[in-house]
There are 2 protein chains.
Amino acid sequence: MTVSGAAAVPRVEIVTVGDELLSGQSIDTNAAWLGRRLGELGFDVVRRATVGDRAEDIRAAVGGAAARADVVLVTGGLGPTPDDITKDVVAAHCGFPLVIDEALLEELRERFRKRGYTELPASNRRQAEVPAGARVLRNPRGTAPGLVLELDGSTVILLPGVPRELKGLMDPQVVTYLEQRFGSRLAPVRHRLIRTTGIAESALADRIARAIGADDIAPVALAFLPDLTGVDLRLTVRGVADRVEAEAHLDRVAHLLAPAVEPYRYTTDDEDVAAVVGRLLRAQSLTLAVAESCTGGLVTKRLTDHAGASDYVVGGVIAYANDVKVAELDVDSELLESEGAVSEEVARAMASGVARRFGADAGLSVTGIAGPGGGTPAKPVGTVWHAVALSGSVTAVREHFPGDREEIRTRAAQAALAHLWARLRRGSHANEPLRGAGD
Amino acid sequence: MTVSGAAAVPRVEIVTVGDELLSGQSIDTNAAWLGRRLGELGFDVVRRATVGDRAEDIRAAVGGAAARADVVLVTGGLGPTPDDITKDVVAAHCGFPLVIDEALLEELRERFRKRGYTELPASNRRQAEVPAGARVLRNPRGTAPGLVLELDGSTVILLPGVPRELKGLMDPQVVTYLEQRFGSRLAPVRHRLIRTTGIAESALADRIARAIGADDIAPVALAFLPDLTGVDLRLTVRGVADRVEAEAHLDRVAHLLAPAVEPYRYTTDDEDVAAVVGRLLRAQSLTLAVAESCTGGLVTKRLTDHAGASDYVVGGVIAYANDVKVAELDVDSELLESEGAVSEEVARAMASGVARRFGADAGLSVTGIAGPGGGTPAKPVGTVWHAVALSGSVTAVREHFPGDREEIRTRAAQAALAHLWARLRRGSHANEPLRGAGD
């Protein structure tokens, strides 16, 4: 990364301390939160390390980081119990003795007095000890203060590991300190998300590579983030201090990408396709009913995850047994017999049937073989049909999904919702081809 | 950790690669999962590092880890896009050229053929290149293989960053390899899980404290792990090399805990209450139909997460609109009018109605106010009724759950399933009181 005409962007390393992080008993959410917050501020977060509550490992991690980075943020190990040793280890490594901070001690006494203790527990008294010469940041949400020290020309900041205490110390105290210290060198990072579904990561990459070159998008970086519901594109612009200029870069690249991604792009916000479907239904004053077989309720669950879904979701039928498809969705039993439950005809009949039975404007159906059993050579596990009944026409799409039962169900629900999305957006895109996720 | 009479416990370092981890766009759940899995196997996980998609940083992190640890697990950066460089960097650092693995190439071709591609995308072709001399572990869930290399006397294992691909490669391939390689040096940690629902963490802790003392359970450690579905108790015995002896400790403590936890304990396996319900339905040759309102499909989705659910789940109705409750579940419209949709009478009518309409032996219903809107002083957001119709009797439970929409829906689905579980187990526990989650 280079930022022409400016001093180097300050590099940050994060060290998180705690046996529970290494053993996986706790997920390190602080590290992700700090990464986002520091990136927004314009720091370059270059490395993160996690070590257990062992003096030697803490010393090696903090010392190594201080030798490389401008700022080292250390979280965890500042509590009152004997396994909390971060402060002692780092102070000793920096060569600073620990001294009692009288103001801090009085605050702690007052805090415990309010909670009904007549005297400060000995374990908490330790928390009033600070390395001589350290800047002390008062913790508004707990007993462990934040501490700022200098080591090898690097700024080392010790913060508690409890997420809400960490956040309470970062904003505003640590942030204010860092901005004053590094202000002119900061290069804020801005992101834009483009969420797609119905196309594989590699195929999307090929479409984009054919449409634009790597040079066309500079200084924007493009990342592909695939999961079972589709592929997200994340555009990042870094090192452009002016906000309007940065947004203009993102706009330009989003525009360049548009022809390649448009058929698959359902949103540029941090929302799922069910939210987009909900917005389209609401905007078009349409109601929806859902008939699910293999997804077992997942499609309707995703639609109703969103507050206000009762305005457009009437309800649904989970037709696991064939009898239910006949009795509750009016699927012709001879059709079921001749074509099988996983077939285009049955998917169409389920979508029309549920809309009619529930008095809804639109019907959405899914029927498939999620496995592990139930597959045949003609209809292997992973075969799924989904259909949409809307405005007098029923469209149906066949898919074949890889993966286990959970993956097939997740993909099937996403594909069905994407199918409905494609139908609902057609009002303004009448010539869009309709695609299945396998395309 | 010490294991008398044995060689040192093998040390593992984990390196996770990806700009999105440093920037906080993604939370590193792999690291926690790997930490747990490796601990169970008997490894000592001593450090974790996260670096971005930069060659120099990847090289430094992997090289440093290999110099210290017996095993280095590297995740991420094996995908088909240009920012995926882990394999190239590590192979170059180890001095191994990349060569095409013909068997892997053919597998990739076949995979894409099945998905309807006539030729392999160029970006995926790169994924068939492996460092010469590396052991290749086939990835059953994706296109990037796992790779095992030797560096500085350390075993370096490259794995994809997509969590389900990582897990699919770890179990059994990586685990088998590691156990064969380090078997005699491993110091397994053994766990026993006791899963409870319908009781708060503090109330459960009080019941247990009244029943047994801390000394009674040594050398077993007891941890309380609360989440939205209940409180798990985890018993851990560590450093007892003999498997039979370790299991005997766990058995003894589980037996001591039994009287305190029994009313709430639905399993001692790593399975959810829906799996237990499914087993009881199957054992009693009963079929089930579900009527959901506020949970919007989540209860039936959870039941049908389990393979073979079609043997006992007939189907369900998601009755979001009141009209649907009347038309599809035969709920009396005057009852709906007088009592409201969230009421004991309507919950009972929904459970009976869905069982009758679907010809099922049992009916389960949930109706509630998930919010954020829709609450009243008499029925605030979080009010939920669930009911079970079984063997000619209908039981109904009222709950009031805290939290946001997602939390209320999650708790409501769990409470409804736990209610059904309590009814189904009564055959052998006829005197159990029936409890709601609020008790």
Side-chain angles (χ1 to χ4, degrees), chain A residues 22-24 26-29 31-36 39 45-52 57 189 200-203 205-206 223-226 234 290 296-301 303-305 307 309-310 313-321 323-324 328 358-359 371-373 403 405-407 438, chain B residues 19-20 22-29 31-36 39 45-52 57 61 79-81 83 115-116 121 123-124 141 162 164 296-301 303-305 307 309-310 313-321 323-324 328 358-359 371-373 405-406:
Chain A
L22 284 180
S23 70
S26 298
I27 290 177
D28 191 355
T29 56
W33 185 83
L34 280 173
R36 276 198 303 278
V45 180
V46 293
R47 187 195 273 239
R48 189 161 85 205
T50 302
V51 292
D57 293 341
V189 175
E201 180 185 9
S202 52
D206 288 350
F224 291 75
L225 310 173
R234 196 184 59 234
V290 184
L298 177 56
V299 172
T300 317
K301 185 262 174 194
L303 285 161
T304 59
D305 279 342
S310 56
V313 174
V314 179
V317 168
I318 299 159
Y320 231 57
D323 287 355
V324 175
E328 302 297 321
F358 281 57
R405 182 178 178 86
E406 184 185 350
E407 179 169 352
Chain B
D19 285 340
E20 73 283 3
L22 285 181
S23 70
Q25 307 296 328
S26 299
I27 290 177
D28 192 356
T29 55
W33 184 84
L34 281 172
R36 277 198 303 278
V45 180
V46 293
R47 186 194 274 239
R48 190 161 84 204
T50 303
V51 292
D57 293 341
T81 57
D83 56 343
R115 290 168 65 183
S123 48
N124 286 100
R141 297 179 178 173
V162 179
R164 53 183 305 283
L298 178 56
V299 173
T300 318
K301 186 260 175 196
L303 285 161
T304 59
D305 279 342
S310 56
V313 175
V314 179
V317 168
I318 300 159
Y320 230 56
D323 288 354
V324 175
E328 302 296 322
F358 281 57
R405 180 179 179 86
E406 185 185 348

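A note on names: the letters A, B, ... follow the listed sequences, proteins ahead of strands, and every chain is numbered from 1.
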- Separation of B:Ile318 CD1 from A:Lys301 NZ (nearest 0.5 Å): 11.5 Å
- From CD (B:Gln25) to CZ (A:Arg234), nearest 0.5 Å: 4.5 Å
- Message: Heavy-atom pairs under 4.5 Å with chain A - which of B:Gly297, B:Ala61, B:Gly316, B:Ala309 has more of them than the others?
- Response: B:Gly316
- Task: Measure the spacing between CD1 of B:Ile27 and CD1 of A:Ile27 and express it to the nearest 0.5 Å.
- Result: 7.5 Å
- Relative to chain A, which of B:Gly315, B:Gly296, B:Gly371 shows the most heavy atom pairs under 4.5 Å? B:Gly296
- Task: Please look at B:Glu406 and chain A and tell me whether the side chain, the backbone, both or neither of the residue comes under 4.5 angstrom of a heavy atom of that chain.
- Result: neither
- Query: What residue, out of B:Ala31, B:Ser310, B:Gly39, has the most heavy-atom pairs lying under 4.5 Å from chain A?
  - Reply: B:Ser310
- Task: Provide the closest heavy-atom pair for B:Ala307 versus A:Pro372 in the form atom of the first, atom of the second, distance.
- Result: CB-CD, 3.2 Å
- Task: Decide yes or no for B:Ser23 and A:Val45: does some side-chain heavy atom of the first lie under 4.5 Å from some side-chain heavy atom of the second?
- Result: no
- Query: Between the side chain of A:Arg36 and the main-chain N/O of B:Leu22, is any donor-acceptor distance below 3.5 Å?
  - Reply: no
- Please confirm whether the backbone N or O of A:Thr304 pairs with a side-chain atom of B:Arg405, one donor and one acceptor, at under 3.5 Å? yes
- Contact leader toward chain B among A:Asp206, A:Leu34, A:Val299, A:Val290, where contacts are heavy-atom pairs under 4.5 Å: A:Asp206
- Could you grab the distance from atom CG of A:Leu225 to atom CG of B:Asp19, nearest 0.5 Å is fine? 10.0 Å
- Query: Between A:Val314, A:Leu298, A:Leu303, which residue shows the highest count of heavy-atom pairs closer than 4.5 Å to chain B?
  - Reply: A:Val314
- Query: Hey, which of B:Val324, B:Val51, B:Asp57, B:Val317 has the most heavy atom pairs under 4.5 Å with chain A?
  - Reply: B:Val324
- Query: Measuring heavy-atom distances to chain A, does B:Pro121 have an atom under 4.5 Å in its side chain, in its backbone, in both, or in neither?
  - Reply: both
- Item | Proximal component of A:Asp305, with respect to chain B [non-hydrogen, under 4.5 Å] | both
- Task: State, with a plain yes or no, whether a side-chain heavy atom of B:Thr81 is found less than 4.5 Å away from one of A:Glu201.
- Result: yes
- Which region of B:Arg141, side chain (C-beta onward) or backbone (N, CA, C, O), has a non-hydrogen atom less than 4.5 Å from a non-hydrogen atom of chain A, or is it both or neither? side chain
